[in-house]
Amino acid sequence: MDVLGLRGVLTLDKSDYERGLNEADESAGKFGSKFKRGMGRAAKAGAVALGAFAVSSVKVGADFDKSMSQVAATMGYTAEELNTAGSQAQKDYKALEQTARQLGKTTACSAQEAAEGLNYMALAGYDVQTSQRMLPQVLNLAAAGAMDLGRASDIVTDAQSALGLSVEDTEKLVDQMAKTSSKTNTNVEQLGEALLTVG
């Protein structure tokens, strides 16, 4: 057996092994750099998306607060009354705000749309309890008529005023309008106009 020959083979095998490790290390380094760059881009995109979501959420919250402030103003509450702990105005405002938020969570309308509906009811002279009671009915009418909640509220309050209806009568009227529009070739807007004409 040739010891020098054997040593030469071992050296050659060792160098192939080291070269293979170096190549693997280079490949891993390139992959790591690409992965790091890719993750950096993904992180930036995620941060931009998160920032946009945060800005959007703040805007939605601000729009809702603005709509609720309009409701309070329409109902005649002053800032002082609303800021007085335990005042009736503050209790009423919180109750209306909770109603709007709840409807925003459990129906197809947003909390801001619910607040706008409450404002139309306040314009019609509805008190807090009546507004809370009527708003779900008006939501049903808006859905049946494929219209925004503010317009549906306007139709309901105008019809109630024109026909001299009580709240209980208005609830029945809204149910009938929703049923009629879904079963006939008449939409809610047309029914509302007809009721105003009759009234």
About how many Å separate CG of Asp175 and OG1 of Thr180, when rounded to the nearest 0.5 Å? 10.5 Å
When Leu195, Asn140, Asn187, Val156 are each screened for side chain to side chain contact (heavy atoms under 4.5 Å, CB included) with Met177, the one that passes is Leu195
What distance do Ser67 atom OG and Glu97 atom CD have between them, rounded to the nearest 0.5 Å? 11.5 Å
So which heavy atom on Met68 is nearest to which on Ala100, and how close? SD-CB, 4.3 Å
Which residue pairs satisfy the salt bridge (Lys or Arg N to Asp or Glu O under 4.0 Å) criterion with at least one member in residues 151-161, sequence neighbours excluded? Arg151-Asp154, Arg151-Glu189, Arg151-Glu193
Hydrophobic clustering (ILVMFWY, side-chain heavy atoms < 4.5 Å, transitive) - are Leu141 and Leu123 grouped together? no
Give the minimum heavy-atom separation between Leu165 and Ala159, together with the two atoms involved. CD1-O, 4.4 Å
Charged N-O contact under 4.0 Å between Glu168 and Lys172: no
For Ser161, enumerate each residue passing the side-chain hydrogen bond (donor to acceptor under 3.5 Å, both in side chains) test, keeping only those at least two apart in sequence or located in another chain. none
Taking the side chain as every heavy atom from C-beta outward, state whether Asp92 and Met75 have any atom pair closer than 4.5 Å. no
Between Ala178 and Ser181 the two heavy atoms that sit nearest each other are O-OG, 3.0 Å
Nearest-0.5 Å distance, CG of residue Leu118 to CD of residue Gln70: 12.0 Å
Separation between OG (Ser87) and CD (Gln90), nearest 0.5 Å, reads 5.0 Å
CG (Leu191) and OG1 (Thr186) are apart, to the nearest 0.5 Å, by 5.5 Å
Considering residues, nucleotides and ligands other than Gln98, do more than 12 of their heavy atoms fall under 6.0 Å from its CD? no
So, Glu116 versus Gln112: side-chain donor-acceptor pair below 3.5 Å or not? yes
Which residue is it: Lys91, Gln132, Met121? I am looking for the one with a side chain to side chain contact (heavy atoms under 4.5 Å, CB included) to Leu96. Gln132
Output the distance between atom OH (Tyr77) and atom OG (Ser69), rounded to the nearest 0.5 Å. 13.5 Å
Quick one: closest heavy-atom pair of Tyr126 and Ser131, and the distance? CB-OG, 3.4 Å
Shortest non-hydrogen contact between Ala115 and Val71, atoms and distance: O-CG2, 3.2 Å
How close do Gly145 and Val188 get, heavy atom to heavy atom, and via which atoms? CA-CG2, 3.4 Å
Transitively linked via ILVMFWY side-chain contacts under 4.5 Å: Val138 with Ile155? yes
